[in-house]
Number of protein chains: 2
Amino acid sequence: MLSFAEENYLKTIYHLSLGGEKNVSTNAIADTLNTKPASVTDMIRKLSKKSVINYKRYRGVEISEDGKKEALKVIRKHRLWEVFLVEKLKFSWDEVHVVAEQLEHIKSPLLIKRLDEFLGFPKFDPHGDPIPDENGEILNKPKVALSKLEVNEQGIVVAVKDSSSLFLQYLDKIGAYLGAKIKVNDRIAFDGSLEITIDNKKTVFISKEVAENILVTD
Amino acid sequence: MLSFAEENYLKTIYHLSLGGEKNVSTNAIADTLNTKPASVTDMIRKLSKKSVINYKRYRGVEISEDGKKEALKVIRKHRLWEVFLVEKLKFSWDEVHVVAEQLEHIKSPLLIKRLDEFLGFPKFDPHGDPIPDENGEILNKPKVALSKLEVNEQGIVVAVKDSSSLFLQYLDKIGAYLGAKIKVNDRIAFDGSLEITIDNKKTVFISKEVAENILVTD
DNA sequence: ATTAATATTTAGTCTTATCTAAAAATATTT
DNA sequence: AAATATTTTTAGATAAGACTAAATATTAAT
């Protein structure tokens with residue numbers, strides 16, 4: 001059984017290992033967890049002993065199959081709780097993360113089974129990220145940045161790259177909710193900004209940077 | 001801010017201080033928490049420094065006003081989560097406690113406010129214990145053991161003294177749910193057992209011991 | 001009122017998770 | 001390829017929460 005801290009490290013390693021390189025560096029882990037590299041080395045030892053990661057000194061870590069399973073369990077819990085908070089308790093997009101960080105560590109398989117049922121077996125969390133099933137399988141539709149669409153193409157908002165409060169609040173303000181349909185009307189050659197129409201109602205301009213941080217599918 | 005462990009100690013001290021003596025002994029705390037007296041002394045020091053209890057060496061502890069408030073906050077969370085588990089997630093009486101022990105430590109005032117709303121501002125938990133409000137106020141109807149009723153009197157099941165799984169499962173079996181109306185038909189002089197009718201439907205015999213562990217109000 | 005029994009505290013140790021400072025290994029630059 | 005910079009690890013400390021064993025207070029019993 002993993003401790004809270006161990007679960008957090010493992011989750012971080014899993015997330016980092018999705019971003020390119022398969023070997024995750026000590027510093028990268030320390031940075032995302034706001035701890036010191038020395039602490040990371042200590043924890044890595046423990047996780048390695050529990051064989052949820054593979055580790056060679058000075059060579060970074062690779063998550064094992066077992067570790068991936070454990071990480072996905074935590075991520076499943078996190079995302080299910082986020083759905084609960086938004087759909088049942090009327091939390092806004094940007095308020096859920098901190099609370100879900102705590103709830104994800106509650107140990108009770110029955111609780112998660114029943115929560116899943118209660119929520120109607122959701123497949124995506126409020127940020128549009130897929131919820132792993134009990135076996136750790138993830139449904140993965142191809143996602144593309146809004147900035148990559150051609151003029152007159154459209155897509156459904158399914159996720160964001162930047163999930164800072166500031167960004168999510170901005171999206172709320174312009175009405176670019178999860179599930180919103182966005183059509184690209186025009187691309188301004190000067191700065192790459194876009195004129196878009198949201199849900200066939202509102203037409204706004206967004207910067208290139210914003211468009212790069214909104215992910216859509218068709 | 002109190003840690004998980006500190007919250008658990010404080011909750012225990014609060015509960016113990018309701019049972020008669022105002023000064024709670026080191027051993028009593030150790031017994032209910034399944035720790036050793038030496039560990040209790042250590043923790044008592046910490047809690048005393050945070051002024052949630054008053055402590056004099058060898059004289060046991062008394063919970064302070066601040067401490068009472070903190071304890072009631074935790075108890076409020078515990079009982080609200082129990083309502084959620086039973087009413088929304090279809091947990092049975094005897095499954096909720098262990099999970100609520102974990103959920104009660106989640107730190108988010110907003111979460112509890114919204115949960116309370118979502119549940120319709122319940123006043124009692126599934127065991128019939130009152131839920132403190134945001135200010136720590138408890139609604140307290142006088143409760144009496146079923147064994148104390150006269151023949152032909154009746155009452156509503158509002159709580160149990162023994163909340164072990166075995167007992168709760170037995171109550172479920174005979175249909176003596178929270179809120180059930182129980183009428184005492186007869187008292188057997190030989191062993192003090194009772195013949196009762198539950199919800200005007202089912203008539204069963206229960207032992208004196210069982211009757212002493214069911215609490216009712218009128 | 002001593003003695004015996006019980007309760008409580010102290011002293012010292014362990015584990016988990018963190019830190020700082022220094023040493024060692026790896027990467028990068030010139 | 002030697003020198004420099006960066007990354008990672010080691011060594012040693014600290015704080016929380018728990019433990020055992022021994023010492024000290026308090027309470028009960030003769």
Side-chain angles (χ1 to χ4, degrees), chain A residues 1-13 16-17 19-63 67 70-71 74 101-102 104-107, chain B residues 1-13 16-17 19-63 67 70-71 74 101-102 104-107:
Chain A
M1 180 135 303
L2 300 175
S3 69
F4 283 25
E6 286 169 340
E7 285 186 350
N8 282 332
Y9 272 92
L10 199 56
K11 204 178 44 152
T12 297
I13 293 168
L16 289 173
S17 69
E21 279 86 301
K22 69 161 171 274
N23 273 16
V24 179
S25 80
T26 302
N27 268 0
I29 298 170
D31 281 355
T32 47
L33 283 175
N34 288 311
T35 60
K36 302 292 159 183
S39 313
V40 174
T41 302
D42 284 349
M43 181 56 91
I44 278 175
R45 282 258 167 62
K46 271 183 245 169
L47 293 176
S48 184
K49 208 170 282 175
K50 296 195 176 187
S51 31
V52 289
I53 58 175
N54 302 314
Y55 167 57
K56 271 195 211 102
R57 262 157 71 258
Y58 292 100
R59 283 281 103 99
V61 300
E62 185 193 25
I63 196 159
E70 287 301 320
V74 179
E101 283 292 307
Q102 296 179 65
E104 73 186 4
H105 301 296
I106 303 287
K107 262 107 184 160
Chain B
M1 180 134 305
L2 301 175
S3 70
F4 283 26
E6 287 169 340
E7 285 186 348
N8 282 332
Y9 272 91
L10 199 56
K11 202 178 45 150
T12 297
I13 293 169
L16 289 172
S17 69
E21 279 85 303
K22 69 163 171 274
N23 272 16
V24 178
S25 80
T26 303
N27 268 1
I29 298 170
D31 282 356
T32 47
L33 283 174
N34 287 312
T35 61
K36 302 293 160 183
S39 313
V40 174
T41 302
D42 283 350
M43 181 55 92
I44 278 175
R45 282 259 166 60
K46 270 183 245 170
L47 293 177
S48 183
K49 209 171 282 174
K50 295 193 176 187
S51 28
V52 289
I53 58 175
N54 302 314
Y55 167 57
K56 271 194 210 104
R57 263 157 72 259
Y58 292 100
R59 284 280 102 102
V61 299
E62 186 194 24
I63 196 160
E70 287 301 319
V74 179
E101 283 292 306
Q102 296 178 65
E104 73 186 5
H105 300 296
I106 303 288
K107 263 109 184 159

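The sequence lines fix the lettering, A, B, ..., with proteins before strands; numbering per chain opens at 1.
For A/Lys46, a side-chain nitrogen or oxygen approaches OP1 or OP2 of C/dA17 to under 4.0 Å. Side-chain N/O atoms of B/Arg45 include none lying less than 4.0 angstrom from OP1 or OP2 on D/dG17. One finds a side-chain N or O of B/Arg59 lying less than 4.0 angstrom from the OP1 or OP2 phosphate oxygen of D/dT27. Contact between the side-chain N/O atoms of A/Arg57 and the OP1/OP2 oxygens of C/dT26 is not found at any separation under 4.0 Å. For B/Tyr9, a side-chain nitrogen or oxygen approaches OP1 or OP2 of D/dA18 to under 4.0 Å.
Of the listed nucleotides (C/dA17, D/dA18, C/dT9), D/dA18 has the atom at the smallest distance from the side chain of B/Asp42. Closest approach to the A/Ala5 side chain among D/dG17, C/dA17, D/dT9 is made by C/dA17 (side chain taken as heavy atoms from C-beta onward). Checked against C/dC19, C/dA25, D/dC19, the side chain of A/Tyr58 finds its nearest nucleotide in C/dA25.
Shown here for B/Arg57 and B/Arg45, the closest heavy-atom pair between the two residues is CD-NH2, 4.2 Å. Heavy-atom minimum distance, B/Ile63 versus B/Ser17: CG2-OG, 4.1 Å. For the pair A/Pro37 and A/Asn27, the tightest heavy-atom approach, listed with the atom from each and the gap, is CG-OD1, 3.2 Å. Between A/Ile44 and A/Ile53 the shortest heavy-atom distance is O-CD1, 3.6 Å.
Look at CD1 on B/Ile44: it is 14 Å from P on D/dG17, rounded to the nearest Å. A/Leu47 has its CG atom 15 Å from the C1' atom of C/dT18, to the nearest Å. Atom pair A/Lys50:NZ and C/dT15:C1' shows a separation of 12 Å (rounding to whole Å applied). If you measure from atom NZ of B/Lys56 to atom C1' of D/dT26, you get 16 Å, rounded to the nearest angstrom. One interatomic measurement links the two molecules: CE of B/Met1 to C1' of D/dA15, which rounds to 18 Å at whole-angstrom precision. To the nearest angstrom, C1' of D/dA15 lies 12 Å from CD of B/Glu6.
B/Tyr55 comes within 4.0 angstrom of sugar-phosphate atoms only, judged by non-hydrogen atoms across all strands, and of no base.
The stretch residues 26-41 of chain B touches DNA chain C through B/Thr26, B/Asn27, B/Pro37, B/Ala38, B/Thr41, each having a heavy atom under 4.0 angstrom from the strand.
Counting only distance, with no hydrogens or angles, the side chain of A/Ser51 and the backbone of A/Ser48 share no donor-acceptor pair below 3.5 Å.
No more than 12 heavy-atom neighbours from other residues, nucleotides or ligands sit within 6.0 angstrom of NZ on A/Lys36.
Between B/Glu7 and B/Lys107 there is a salt bridge, since at least one side-chain N of the basic residue sits less than 4.0 Å from a carboxylate O of the acidic one.
Using the Watson-Crick or G-U wobble rule with both distances under 3.5 Å, D/dT4 pairs with C/dA27.
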